[in-house]
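Just below is one structure, and these are the notes that go with it.
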Amino acid sequence: MTRRAAALTCLILLLLIPRPAPAGTGEGKADHTVLFGLAGSSPWLSLRYERRMYSTTLAGLNLHLAAEAGIGTSPWTFTHEISFPTGISALWGGSRHFLRIGLGLTLTTFEQYDYWKDRDETELRSLIIPSIGYRFGNEGLILGLSFTPIFNPGGGAALLWLGLDIGWGF
Amino acid sequence: MPFQYVQRFLILVHLLALFTACGDDPADWRLPPESVPATTAVPATPAAAIAALMESTIRDQQLVGLQVSIARTNGEIWSLSAGTADLGRKETLSSEHLFRIGSLTKTFTATIIMRLVQEGRLSLDAPVSTWIRGYPGLERVTIRNLLGHTSGIQNVFSIPDVFVNSTLFPDKFWSHKWLAMECCESGPEFQPGTRTAYSNTNYILLGIIIETVTGRRMAEHYHELAEGVWFVPYETRPASLVSGHVDHFVTMERWYEHKPDTKSWATAGFTAGALASSAKAIVRFGQRLFSSEIIPEDQLNQMRSFRERYGLGFIRYETGGYSLYGHEGELTGFTAVMLFDEPSGLILAACCNTTPFDSVALLGQIRRLLP
C-alpha cells in the first residue's frame with residue numbers, strides 16, 4: 001500500500017513541474033497558490049504549493065484543475081509526525097467564489113512501539129483524504145474551508161475531519 | 001450559482017445518511033424459555049425476567065451481543081448470553097466468549113498492587129519515585145494517589161492526538177512509557193491528594209511500577225491473579241475474543257466498516273484498560289476477591305475506602321436504587337462492568353460488544369429483579 005501511495009505521490013509531484021502556464025479563463029487568473037493549512041490534508045499543520053494545470057468553463061462558470069504538494073507537521077501536539085500531503089482538485093465557480101472538490105494522498109511518518117524490545121520504530125503510512133469545500137479568492141488572499149474525511153484503507157479506519165486554509169495566489 | 005449545487009449535494013448526502021441509518025436491523029434472536037438456567041444464585045422467576053430484560057435491551061439499544069453473570073461470594077455462577085459474537089450476526093454468543101473489558105482492568109491492576117503491598121514490596125504512602133525514576137513530578141505522588149485518582153496527572157485519553165491516532169491507525173502499538181512520560185511532563189492538573197480526577201495515566205504508571213518491582217511482564221501477573229483473563233495485544237490474541245461495534249458518528253463506522261479489533265486503544269490503555277475476559281470469569285475473580293481469597297480483609301478494606309466515589313481500584317455507583325461498588329469499562333466497541341452488592345453478597349457482571357452502552361444501568365435493573 002505504501003509503495004503504491006509513494007508512486008502516486010511521485011505522479012502528483014510530476015504535475016507540479018514548471019511548464020508553460022495554462023490558458024486562463026475569467027478575470028484575475030492566478031496559476032500558483034501557496035497555502036498554509038490547519039488540519040485538513042495533514043494533521044495538524046501544513047504548508048502546500050498548488051499549481052493550476054488546466055482551465056476551462058463548465059456550465060458558464062470557470063473550472064480549474066490543480067495539483068498540490070507540501071509538508072505537514074504537528075509541532076505543538078502530542079505526537080510529532082511529519083506528513084507529505086499531495087492531491088489533485090477541481091475549483092469551479094465565478095471569479096472569487098469556488099466550490100472545491102479534491103482527492104488527496106498523504107504519506108505520514110508513524111511511530112510503532114515494540115513492547116518486547118522496548119523501542120520505537122518509524123514507519124511510513126498512507127492516508128486517502130477526499131475533500132469538498134469552499135474556496136474564496138483567486139489572486140492575492142485565499143481562504144478555504146473543507147470537509148476532509150480521512151480514510152486509512154490499509155488499516156480499515158476512517159475519521160471525520162475538517163480543514164482550514166489561508167494562502168496567497170499569484 | 002455553485003452554491004445551489006453545494007446545497008443539492010448536501011441534501012443528497014443527508015438523504016443517503018438517513019437511508020443507511022434506517023437499514024440497520026437489531027440482532028434478531030430469542031431465548032427459548034428452556035435455555036434460561038435457574039440456580040441458587042438466580043431462581044427461576046428472576047432468571048426469566050433477566051432474560052426478557054436482556055432481550056429487550058439488545059433490541060431497543062441495537063446491541064450486538066451481551067453477557068451477564070451473577071453469583072454470591074460463595075455460590076455457583078449463573079450466566080446468560082444473548083446476541084452474537086460478530087458484527088455479521090452469524091456466530092451466537094456464548095458465556096465462554098471474551099470481550100475487551102476496558103477500565104475494569106483497573107480493579108485487576110489494583111489487586112496486584114495490593115498484593116505487593118501485602119508482601120511488603122510496595123508501600124501505599126511512599127512516593128512513586130521510590131520505584132520508578134525519570135518521570136517528572138512523581139516525587140510528590142504516592143501509590144495511594146494513583147490508585148484513588150488523586151494524583152492530578154493528566155488523563156492520556158483526554159489528549160486529542162491519542163484519539164486521532166488510535167482511530168486512524170488501529171494497528172498502532174503505543175508505548176505506555178512514552179504516554180506516561182508525556183502526561184507527567186505536562187505537569188499536574190492539581191496538587192496531589194487535594195482532589196479527585198479520573199485519569200487512566202495513574203493505572204499505566206501502576207503497571208510500570210509492577211513490572212519494574214517484580215521484573216515480570218504484566219501478562220504473567222494477570223494470569224496468576226485470575227483465570228480467563230487475557231492481556232491482549234501484549235500476548236497472543238485468543239480466538240474467542242469477539243468483535244466490537246462502535247456507533248460513533250465521527251469514525252463513520254455506520255458507512256465505512258472498520259477492522260473489528262484494535263491494538264491502538266488497548267495499548268494506549270495498557271494496565272488501565274487492555275484486559276479481555278468474560279462476564280463469567282469476571283464474577284469468578286470477584287468471588288475470590290470479595291471473599292478475601294486473593295488479598296486479606298484489611299487490604300480489601302483499603303480498596304473500598306472511598307473518597308468521593310473513588311476507592312482504590314473501585315468506584316461507587318448509585319444504580320437501580322442500590323449503592324454498589326466495583327468498576328465499569330469502555331474501550332471502543334466494548335463495555336464491561338463488575339459490581340458488588342455488599343449487603344446481599346451478590347456479584348454482578350456484564351460484557352457487551354457495542355458502544356455506547358450503559359452497562360451500569362443494566363446491572364442496576366438486574367439487581368432490582370433479584371431477591
Side-chain angles (χ1 to χ4, degrees), chain A residues 39 43-44 58-63 74 76-81 83 90-94 96-101 106 108-121 123 125-129 132-135 145-147 149-162, chain B residues 1-7 9-10 13 154 156 158-179 181-183 185-186 211 217-219 231 233-235 246 248-264 267-268 270 274 332:
Chain A
W44 298 83
L58 180 68
L61 294 169
N62 296 321
L63 176 67
S74 50
W76 76 84
T77 59
F78 199 63
T79 48
H80 308 291
E81 293 92 357
S83 58
L91 288 162
W92 183 50
R96 293 169 70 189
H97 302 282
F98 296 95
L99 168 69
R100 182 185 179 279
I101 297 174
T106 297
T108 180
T109 58
F110 176 82
E111 294 293 317
Q112 189 75 320
Y113 177 62
D114 188 326
Y115 174 68
W116 294 271
K117 293 177 183 165
D118 191 20
R119 69 175 186 214
D120 279 318
E121 284 166 8
E123 298 176 7
R125 296 296 175 94
S126 55
L127 300 167
I128 291 174
I129 309 177
I132 182 163
Y134 167 70
R135 166 81 63 90
L145 179 65
S146 301
F147 170 61
I150 305 177
F151 292 88
N152 174 6
L159 184 67
L160 287 186
W161 202 243
L162 290 171
Chain B
M1 186 69 161
F3 297 106
Q4 291 173 352
Y5 291 96
V6 175
Q7 196 178 24
F9 177 80
L10 289 174
V13 168
Q154 183 184 22
V156 71
S158 70
I159 298 164
D161 277 7
V162 172
F163 172 77
V164 170
N165 278 278
S166 296
T167 302
L168 274 179
F169 303 106
D171 66 329
K172 182 168 179 68
F173 210 114
W174 288 97
S175 161
H176 56 281
K177 291 179 186 171
W178 182 76
L179 289 175
M181 181 65 80
E182 291 284 328
C183 291
E185 280 177 350
S186 70
E211 287 196 337
R217 298 288 193 180
M218 284 306 298
F231 194 44
Y234 300 91
E235 59 180 327
V246 185
H248 196 303
F249 179 71
V250 294
T251 59
M252 299 190 282
E253 292 187 49
R254 186 161 283 212
W255 303 287
Y256 182 79
E257 191 174 335
H258 287 218
K259 288 202 170 165
D261 188 29
T262 76
K263 284 180 188 168
S264 56
T267 55
F270 188 52
T332 183

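Just so it is clear, the values below take in all heavy atoms, side chains as well, and ignore hydrogens, waters and symmetry mates.
- In this pair, A:Tyr134 and A:His97 present their aromatic rings parallel. The plane angle is below 30°, not in the 30 to 60° band.
- For chain B, the nearby part of A:Asp118 is the side chain; its heavy atoms alone come within less than 4.5 Å.
- Neither the backbone nor the side chain of B:Glu185 comes within less than 4.5 Å of any heavy atom in chain A.
- Residues B:Asn165 and B:Trp174 bring no donor and acceptor atom of their side chains to less than 3.5 Å of each other.
- When the side-chain contact (heavy atoms from CB on, under 4.5 Å) test is applied to A:Ser83, the partners found at least two apart in sequence or on another chain are A:Ser42, A:Pro85, A:Thr106, A:Thr108.
- B:Arg217 is linked by a salt bridge (Lys or Arg N to Asp or Glu O under 4.0 Å) to nothing, counting only residues two or more places apart in sequence or in another chain.
- No part of A:Glu123 comes within reach of chain B, as not one of its non-hydrogen atoms sits under 4.5 angstrom from that chain.
- At a 4.5 Å heavy-atom cutoff, the contact between B:Ile159 and chain A is made by side-chain atoms alone.
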